[in-house]
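Here is the structure we will look at, set down as structure tokens.
Order of the sequence lines sets the chain letters (A, B, ...), proteins ahead of strands, with each chain counted from 1.
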Amino acid sequence: MESWRTAKGMFAAVATVPTLWLIGFFIVPLGIVWLYSFGTNASLTEIEISGTFSNYSRALDPLYLGILWKSILVAAATTVICIVVGFPVALAIVFSSNKWKPWLLLAIMLPFWTNLLIRTYALIAVLRREGYANQSLGWLHDNLGGLLPLVGLPAPGAYEPLELLYNNFAVIFGLVYVHLPFMVLPLYAALDRLDKSLIEASLDLGAGHFRTLLAIVAPLAAPGIISGVIITFVPALGAYLTPDLLGGPDSQMIANVIERQFKRANDWPFGAALSFILMYATFIAIAFQAMKSRQAEARQ
Amino acid sequence: MTMLARLLRKREPIAPLEYTRRLWMRTWVGLVMFFLYAPLITLVAFSFNDSRRNIVWRGFTLEYYEKALNNASLMEALLNSLTIAALATVASVVLGALAAVMLWRFRFPFKGAAEGAMALPIVVPEICLGVAFLVFFAKIGFPTDLPWPLNLGAITIAHITFCFPFVAMVVRSRLTSFNREEEEAAKDLGATELQAFRDVLLPHMKPGLVAGALLAFTLSLDDFVITFFTSGPNTITFPVKVYSMVRFSVTPEVNAASTLLIVLTIILTTIALKIQSRMGTVSQRH
């Protein structure tokens, strides 16, 4: 690496355009939103930057604090389910034969290339009242229900479709569906680097598979697990499309409230404050990850 | 003979670490794959279903593809999306490559801050970036009545902003394998700074540029949230159009449109992966 002074012309040639672009079309737009978050609606179209904190204090209103807290809970639940579902998959890929490994990795990555909107739409068709899930359950109900009198139980009534869509269940289901690859890939990367002889040693010394997993594998793979957690948690926290399309009226997340302030309620200052609160929450999560992975590296 | 060998191998006891050969593990992986793919496969399958209600299989038809392809506003949205993606890809590759060279080659004041700012568009929640562009373009009074394709300018600018840091990341990781001595040798042999860049560094960067271009194109083509905030009534993109159709109803026509987009993305990605792997082997031979 050389100092910029040794080749000033070259440095200017490569640095000018990307720097100006980033400032003009990223820092400035975010800066305007930041300024608006301290503003008030002067008239229908004008916003006066008055330096007020009232937008932030309004975000502390129980209604909005509740939505923020709920978004955090939903994102956390999504992350936990993704770990539980994804960990065995990552483990299976690590220990699969060389013939299968690239195919399994491809199978996990392929949904990445499929549009988020389309994946969400696919879930609507599965979960809605007359969707495939209810159809399959109804079929099971009708066909197996006839067997119940044989074992002395009363025959069940007609199948009542489950309400699987437009509620919190659907939102978490959708978020897990979308974010599972985000969790599996970092877990795979971390587990693949693991010294397998340590696992063998633990098993030889009499620990069971579950105990080995908790006492040996999990601590050693901690940096990968943490980065998987953050990579899943951060986009789930800011998710807009999934709660919008799969959620009901009570499963709004913070991003939906932000969207409403800008597109329908037309309260830009308040929306700006909410969007910066979401951004700060994201940065805290990322800083936490950086701190933890540095600690984990220092320990090894 | 091979059948016999395979049967015999099956009898071998499962070693402690052969997790993949355990039944519960296979069942688990199978269920997860079912979870990931069943919705998508049914979506594709039912785009060929000869029934408006999209529930029971009534026979094969291409009727809904015909409908989707004859849907003028859907095709216009597709054209918009492809145009934006192409423009955003070209610009992102140039910007990303420049940024990668800057961060890889030079030491300069506030480099940490520059690196952080460059990674920011990747980590900032999409919704925040979306509203930032909405506010920004309203504030500077970006003209909304330009003729096509200039009216796609706002969306394209937004797409370049979130795409080029990804390109920079990919290209920079490719640059770490570059041997600086090659460039020094070229300069010793009389090449100017520009010639050394064009004939030595650029060929080495090529696989990274292709991978970055692919990434940018897919990101741009797939983006919904940021586009949703920057698009106007005359600048509908494919995902935004599909979104309005999805909100309205679940019909085979939406399935057909979705299938078209899935196929398009898979074809593009496959082509790009092929190019990339061929270039990878070529550059290794050098």
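Minimum interatomic distance between B:M102 and A:A15 (heavy atoms only, all atoms of both residues): SD-CB, 3.2 Å. Nearest heavy-atom pair across B:P239 and A:L117 is O-CD2, 2.9 Å. Shortest non-hydrogen contact noted between A:Y177 and B:L36 is OH-O, 2.8 Å. Closest heavy-atom contact between B:L40 and A:R119: CD2-CG, 4.0 Å. Shown here for A:A122 and B:P39, the closest heavy-atom pair between the two residues is CB-O, 3.7 Å. Residues B:A99 and A:P18 come closest through the heavy atom pair N-CG, 3.8 Å.
Distance check, rounded to the nearest 0.5 Å: CG of B:D223 to CG of A:L116 gives 9.5 Å. Atom CD1 of residue A:I27 and atom CG of residue B:L120 lie 6.5 Å apart, to the nearest 0.5 angstrom. With values rounded to the nearest 0.5 angstrom, B:C128 atom SG is found 10.5 Å from A:Y280 atom OH. Atoms CG and OG1, from A:L110 and B:T265 in turn, are 10.0 Å apart once rounded to the nearest 0.5 Å. To the nearest 0.5 Å, the span separating CG on B:D222 from CD1 on A:I118 amounts to 7.5 Å. In this structure, B:M25 CE and A:H209 NE2 are separated by 9.5 Å, a value rounded to the nearest 0.5 Å.
B:V225 touches chain A through its side chain: at least one heavy atom from C-beta onward sits under 4.5 Å away, while N, CA, C and O do not. Contacts between A:V234 and chain B at a heavy-atom distance below 4.5 Å involve the side chain alone, from C-beta outward. The contact between B:F224 and chain A is made entirely by side chain atoms (from C-beta outward), counting heavy-atom distances below 4.5 Å. In this structure, chain A has no heavy atom under 4.5 Å from any part of B:L31. Heavy atoms of A:V126 lying under 4.5 Å from chain B belong exclusively to its side chain. With a 4.5 angstrom heavy-atom cutoff, A:L30 touches chain B via backbone and side-chain atoms both. Proximity to chain A (any heavy atom under 4.5 Å) is restricted, for B:V32, to the side chain, taken from C-beta onward. Contact of A:T282 with chain B is made through the side chain alone, with heavy-atom distances under 4.5 Å. Residue contact with chain A, scored on non-hydrogen atoms closer than 4.5 Å, involves the side chain of B:L43 exclusively. Interface remark: A:T19 contributes side-chain atoms only to the contact with chain B (heavy atom separation under 4.5 Å). For B:A257, no part sits under 4.5 Å from any heavy atom of chain A, backbone or side chain. In this structure, no portion of A:F276 lies under 4.5 Å from any heavy atom of chain B. Neither the backbone nor the side chain of A:A133 comes within less than 4.5 Å of any heavy atom of chain B.
Comparing B:L261, B:I160, B:V124 by heavy-atom pairs within less than 4.5 Å of chain A, the highest count is held by B:I160. Here B:V131 is the residue among B:T218, B:L221, B:V131, B:V101 with the most heavy-atom pairs under 4.5 Å with chain A. Each of A:V28, A:N115, A:I47, A:V33 has some count of heavy-atom pairs under 4.5 Å with chain B, and the biggest count is that of A:N115. With respect to chain A, the highest number of heavy-atom pairs below 4.5 Å among B:V135, B:I262, B:T259, B:L219 belongs to B:V135. Per-residue heavy-atom pair counts under 4.5 Å with chain B were compared for A:I32, A:V89, A:V85, A:L278, and the maximum is reached by A:V85. Annotation: maximal heavy-atom pairing with chain A below 4.5 Å, among B:V44, B:T161, B:V29, occurs at B:T161. Your options are A:P235, A:A255, A:P88, and the one with the most heavy-atom pairs under 4.5 Å with chain B is A:P88. Among the candidates A:M10, A:Q261, A:M279, the residue making the largest number of heavy-atom pairs closer than 4.5 Å to chain B is A:M10. In terms of heavy-atom pairs under 4.5 angstrom with chain A, the leader among B:G96, B:A114, B:A100, B:P121 is B:P121. By number of non-hydrogen pairs under 4.5 angstrom with chain A, the leading residue of B:E193, B:M33, B:R105 is B:R105.
Side-chain contact between A:E2 and B:F106 is present, with heavy atoms from C-beta onward closer than 4.5 Å. The side-chain heavy atoms of B:F228 and A:E259, taken from C-beta on, include a pair separated by under 4.5 Å. When side chains are defined from C-beta on, A:Y121 does not count as touching B:V242, because their heavy atoms never get closer than 4.5 Å. Proximity of A:F173 to B:F35: side-chain heavy atoms (C-beta onward) are separated by under 4.5 Å at one or more points.
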Step-by-step ring pair (Phe, Tyr, Trp, His ring centres under 6.0 Å) determination, A:F26 to B:F136 | CA-CA 9 Å; A:F26 181 68; B:F136 175 71; over 10 Å; no
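Distance alone, capped at 3.5 Å, places no donor-acceptor pair between the B:W28 side chain and the A:G86 backbone.
Crowding of A:W34 atom CH2: a count of heavy atoms from other residues, nucleotides or ligands under 6.0 Å not exceeding 12. Residue A:F288 places its CZ atom among 12 or fewer non-hydrogen atoms of other residues, nucleotides or ligands, all under 6.0 Å distant. Around NZ of B:K139, the count of heavy atoms belonging to other residues, nucleotides or ligands within 6.0 Å does not exceed 12.
For residues 238-246 of chain A, a heavy-atom distance under 4.5 Å to chain B picks out A:G238, A:Y240, A:L241, A:D244, A:L245, given by residue number.
Checked against the 6.0 Å centroid threshold, B:F164 and A:F25 do not count as a close aromatic pair. Aromatic rings from B:F229 and A:F262 are positioned such that their centres are separated by 6.0 Å or more.
Remark: B:F142 pairs with B:F137 by the ring-ring contact (aromatic ring centres under 6.0 Å, His included) rule, at least two apart or across chains.
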